[in-house]
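Below you'll find the structure, written out as structure tokens, and then a few comments.
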Amino acid sequence: MKHLILTIVMAGTALIAGACGGNASQADAAETTVDAKAQSAVIKCFDADSAYARVAEQVAMGPRIPGTPGHDRCVEYIKARLKDAGAEVTMQDTLFAPAGTTTAPQRVRNITGRFNAGAPRHVLLLAHYDTRPWADQEADEKLHDTPIDGANDGGSGVGVLLEIARVMNQLPDNVEVEMLFVDAEDAGSYADDFSWCIGSQAWADAFDPTSRRVPEYAILLDMVGGKGARFTREYFSDRYANAINNLVWQTARKAGYGEVFPDQPGGALNDDHIHILRTGIPAIDIVESSHPATGSFNPTWHTLSDNMDNIDPATLKAVGDVVINTIFQ
């Protein structure tokens, strides 16, 4: 992703009760927006401190840029966490170059963890795990070639998914949950929409609905850990998967997170969900794209400030709670 766009080619697009427990976290005190009465009917398995730790573990690996040791470590880390949680883990390892470009093919490693295979319902959750190789939004141009930590942009979505994976054995087993960790999302050029989201492009190109089960819908998590984040409704999600967007934002309101998920239009993003959409799967993007300080992304976007100091466990918990309750309500 990583820029707002006005148009994009969409060729080929077919377009709670109960609680399962979980430990109290430091995010609980910070959740002033959560209505106590609404929260009483919400599934409460998601642990914010655990999700925060998963983000910190990724950041400690260093930048997760394809072809670097940090990236290799992150691949093995995600695989191990999924297996420990009881997932069936598979890899898509391929060489990929965007159509119409002259760039050399890039190795892409997408990781899939599958829970409750064969359950009556089936949903797809995804996030990218690579990080931006350049801090190109730093005010000081001398820093533009410096890789970023990617705590929010990359780390946060993975952290939320891995925490959901950890508590899957506490949740109902009537939904097959497919978790997709996509590679090579964040090294694109602002001049070329198709130089971004390489992993999801490769996944979509290989998608064959005749040889596999097709998810009912997909939810992408991107930049979901910023302090005081507010998640508005991304434009393409609303246009091509409006019913799923409605479901998520209604769930957020019922769970007491209406202020975190204001029912307002957000930006139009070139992000991984665009390529999921073109397979015919209704896909939405939960992403911070209307920050009051910038009018778009979190101020740490593509800067050296995208570090653990700017990750908020309360934001991770809000997103995790909303996703879990959307799926299992």
Side-chain angles (χ1 to χ4, degrees), residues 16-59 81 85 123 125-127 129 150-172 177 179 219-232 247-263 284-289 291 298 300 306-329:
I16 319 195
C20 51
N23 297 326
S25 75
Q26 67 193 58
D28 293 338
E31 290 170 345
T32 58
T33 64
V34 177
D35 179 272
K37 184 176 180 180
Q39 188 75 334
S40 66
V42 173
I43 297 173
K44 298 178 181 178
C45 290
F46 192 92
D47 188 290
D49 293 340
S50 178
Y52 183 88
R54 302 294 82 78
V55 180
E57 287 164 355
Q58 294 170 77
V59 171
R81 282 282 174 188
V123 300
L125 305 178
L126 68 152
Y129 67 90
N152 193 29
D153 195 357
S156 64
V158 172
V160 170
L161 290 190
L162 291 180
E163 172 57 12
I164 295 174
R166 186 187 70 82
V167 301
M168 278 296 298
N169 63 356
Q170 303 175 50
L171 293 164
V177 177
M179 293 187 182
I219 300 175
L220 168 64
L221 306 181
D222 198 355
M223 297 191 291
V224 291
K227 290 183 176 179
R230 297 293 180 266
F231 300 102
T232 49
L247 177 62
V248 170
W249 264 258
Q250 289 166 5
T251 300
R253 185 181 69 253
K254 292 175 182 177
Y257 291 111
E259 290 187 22
V260 182
F261 284 76
D263 196 3
I284 71 159
D285 192 358
I286 298 178
V287 59
E288 187 178 10
S289 64
H291 194 282
N298 187 287
T300 67
D306 186 2
N307 55 38
M308 291 306 299
D309 290 341
N310 290 303
I311 295 296
D312 187 352
T315 302
L316 298 172
K317 180 167 176 57
V319 173
D321 280 348
V322 169
V323 170
I324 286 174
N325 282 277
T326 298
I327 293 171
F328 294 103
Q329 67 175 190

Should Tyr52 and Glu163 count as side-chain neighbours, where that means a heavy-atom distance under 4.5 Å?
-> no
Atom pair NZ (Lys227) and CD (Glu288), whose distance is rounded to the nearest 0.5 Å | 13.0 Å
The reported gap from CG in Leu126 to CG in Asp285 (rounded to nearest 0.5 angstrom) is 8.5 Å
Between Pro313 and Ala48, the two heavy atoms sitting closest are O-CB, 3.4 Å
Within-4.5 Å side-chain heavy-atom neighbours: Arg54 and Val158 | no
Quick one: pull up CG in Leu161 and CG in Leu221 and give me the separation to the nearest 0.5 Å.
-> 5.0 Å
Met223 side chain near Asp306 side chain, heavy-atom distance below 4.5 Å | no
In terms of heavy-atom contacts, Ala85 and Ala165 come closest through CB-O, 3.3 Å
Decide yes or no for Phe46 and Ile164: does some side-chain heavy atom of the first lie under 4.5 Å from some side-chain heavy atom of the second?
-> yes
Check against side chain to side chain contact (heavy atoms under 4.5 Å, CB included), Gln170 and Val167 = CA-CA 5 Å; Gln170 303 175 50; Val167 301; 3.8 Å; yes
Give me the ring orientation class for Phe261 and Phe231: parallel if the planes are under 30° apart, tilted from 30 to 60°, perpendicular past 60°.
-> tilted
Should Asp222 and Asp153 count as side-chain neighbours, where that means a heavy-atom distance under 4.5 Å?
-> yes
Which heavy atom in Leu171 sits nearest to a heavy atom in Cys45, and how many Å separate them?
-> CD2-SG, 4.0 Å
Report yes if the side chains of Thr232 and Ser289 come closer than 4.5 Å at any heavy-atom pair, otherwise no.
-> yes
Gly157 versus Ala127, closest heavy-atom pair with distance = C-CB, 3.7 Å
Hey, is the main chain of Gly226 close enough, under 3.5 Å, to the side chain of Asn298 for a donor-acceptor pair?
-> no
Separation between CZ (Arg81) and CE (Met179), nearest 0.5 Å, reads 13.0 Å
To the nearest 0.5 Å, tell me how far Leu162 CG sits from Tyr129 OH.
-> 12.5 Å
Drop me the distance from Ile43's CD1 to Phe328's CZ, to the nearest 0.5 angstrom.
-> 7.0 Å
Sort out for me which residue in Val323, Asn325, Ile286 forms a side-chain contact (heavy atoms from CB on, under 4.5 Å) with Val248.
-> Ile286
Write down the atom of Gln58, the atom of Gly155, and the distance for their closest heavy-atom approach.
-> NE2-O, 3.0 Å
Side chains of Leu247 and Gln329: does their closest heavy-atom pair fall under 4.5 Å?
-> yes
Would you confirm whether Lys317, through its side chain, and Asp49, through its main-chain N or O, come within 3.5 Å as a donor-acceptor pair?
-> no
List the steps, then state whether side chain to side chain contact (heavy atoms under 4.5 Å, CB included) holds for Ile284 with Trp249.
-> CA-CA 11 Å; Ile284 71 159; Trp249 264 258; 4.3 Å; yes
Residues Val260 and Ala229: closest non-hydrogen pair is CG1-O, 3.8 Å
Are any non-hydrogen side-chain atoms of Val287 and Val224 less than 4.5 angstrom apart?
-> no
